[in-house]
Amino acid sequence: RHDDDINRLFFYSLSSARVHSIQLRAMNGEKIIGSFDGWLVLENKFCWTMSILNPLTGVHIHLPTLPTYLRNNREHPSLWKIATSSNSSTSYNNCIIIVIPIQFSPLLSIRFGKDENWTKLDDKSIYTDVIYFKERFYVIDRYTRVSIFDSYLKKVIVFSPQGDLRHGPNCFAELSGELVVFTSKYRKSSINRFQYDLKR
């Protein structure tokens with residue numbers, strides 16, 4: 001949790017079972033809109049810039065701005081999900097990042113060291129989650145179709161579970177070394193878990 005008044009980040013450590021806090025650098029109009037693998041995702045709504053910050057090492061990496069039509073209003077964040085091919089705490093050289101903007105929910109990617117702007121991977125569906133798992137990116141859409149992208153960002157597999165699971169949102173979780181999908185059915189107000197066979 002981020003306390004805006006004192007600009008401190010509070011987090012719970014599973015190893016020590018205690019709450020710790022870190023003093024962050026000056027935010028300069030930036031807001032924390034998400035986190036992944038120990039990194040914070042920042043967005044400045046005044047100039048539409050985005051970046052990622054490691055609060056422990058202080059490493060701050062700037063991301064390209066989103067295309068105008070994918071920017072959300074100033075009251076809400078522009079990104080829904082983010083995943084990266086590296087969890088380094090100091091550098092993101094030669095790293096691939098895939099994001100899902102809130103507006104229209106397409107897939108965008110960037111390869112650090114190669115790309116200067118976002119590349120559109122796919123906008124044919126409304127995507128709800130992305131995760132990097134066993135050296136591949138997995139994405140899932142509102143109809144619970146799972147697509148797998150290799151390290152060259154080539155879509156190699158698309159498959160769907162059996163049954164009508166179109167009531168999202170759908171999201172991934174890694175449990176005991178396996179990748180599972182959670183989908184909530186609004187009509188039944190229940191959570192159903194489905195495990196995909198990823199040994200293909």
Side-chain angles (χ1 to χ4, degrees), residues 14 33-41 50-54 59 61-64 66-67 70 77-163 165-184 191-200:
L14 294 176
I33 63 171
S35 64
F36 67 98
D37 296 333
W39 291 77
L40 303 177
V41 183
M50 292 191 302
S51 59
I52 55 177
L53 170 69
N54 189 301
V59 175
I61 300 173
H62 292 276
L63 301 175
L66 289 175
L70 293 177
S78 295
L79 290 184
W80 173 249
K81 293 287 183 175
I82 183 171
T84 173
S85 63
S86 171
N87 60 2
S88 170
S89 62
T90 58
S91 174
Y92 258 66
N93 294 328
N94 302 315
C95 167
I96 299 173
I97 288 181
I98 293 182
V99 299
I100 303 176
I102 289 180
Q103 296 281 28
F104 307 110
S105 301
L107 292 177
L108 304 180
S109 70
I110 185 171
R111 297 171 298 177
F112 284 99
K114 294 184 178 181
D115 301 333
E116 294 184 359
N117 294 300
W118 295 106
T119 298
K120 182 169 62 178
L121 284 182
D122 193 359
D123 61 355
K124 301 297 190 297
S125 187
I126 297 176
Y127 291 94
T128 60
D129 201 7
V130 56
I131 190 173
Y132 188 72
F133 179 74
K134 295 184 177 179
E135 300 184 353
R136 289 182 172 183
F137 285 99
Y138 292 77
V139 297
I140 189 168
D141 66 12
R142 64 183 301 182
Y143 300 106
T144 326
R145 289 188 297 251
V146 174
S147 301
I148 303 176
F149 291 82
D150 63 16
S151 58
Y152 298 98
L153 296 179
K154 179 183 178 181
K155 187 184 292 186
V156 293
I157 299 176
V158 180
F159 58 95
S160 303
Q162 296 180 349
L165 307 175
R166 292 176 293 175
H167 306 285
N170 308 307
C171 62
F172 292 112
E174 186 176 349
L175 299 176
S176 302
E178 298 293 333
L179 189 62
V180 299
V181 171
F182 288 90
T183 180
S184 73
I191 299 294
N192 300 303
R193 189 183 79 186
F194 300 89
Q195 182 169 321
Y196 289 108
D197 179 10
L198 301 178
K199 301 176 182 178
R200 301 189 180 189

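Starting from 1, each residue takes its place in the sequence as its number.
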Any salt bridge (Lys or Arg N to Asp or Glu O under 4.0 Å) involving residues 95-108? Give me the pairs, sequence neighbours left out, ordered by first then second residue. none
Closest non-hydrogen atoms of T128 and W80, given as atom of the first, atom of the second and distance, are O-NE1, 2.8 Å
Compare every heavy atom of S51 with every heavy atom of H62, then report the nearest pair and how far apart it is. CA-CB, 3.9 Å
If I take atom [atom1] from residue [X] and atom [atom2] from residue [Y], how far apart are they, to the nearest 0.5 angstrom?
| X | Y | atom1 | atom2 | value |
| --- | --- | --- | --- | --- |
| I131 | E174 | CD1 | CD | 6.0 Å |
| S35 | L53 | OG | CG | 11.5 Å |
| Y132 | Y138 | OH | OH | 10.0 Å |
| L63 | I82 | CG | CD1 | 6.0 Å |
| S85 | F112 | OG | CZ | 9.5 Å |
| K155 | L121 | NZ | CG | 8.5 Å |

In the structure I gave you, are the side-chain heavy atoms of [X] and [Y] within less than 4.5 Å of one another anywhere?
| X | Y | value |
| --- | --- | --- |
| V156 | R136 | yes |
| L79 | L66 | yes |
| W39 | I61 | yes |

Which pairs would a plain distance check flag for residues 95-111, meaning a side-chain donor or acceptor within less than 3.5 Å of a matching protein atom at least two apart in sequence or in another chain?
| from | atom 1 | to | atom 2 | distance (Å) |
| --- | --- | --- | --- | --- |
| S105 | OG | I102 | O | 3.4 |
| R111 | NE | D115 | OD2 | 3.2 |
| R111 | NH2 | D115 | OD1 | 3.3 |

Pick from V139, I157, D141: which one makes a side chain to side chain contact (heavy atoms under 4.5 Å, CB included) with S147? V139
Side chain W118, main chain P64, donor-acceptor under 3.5 Å: yes
Those residues that, when tested against Y127, pass ring-ring contact (aromatic ring centres under 6.0 Å, His included) (two or more places apart): none
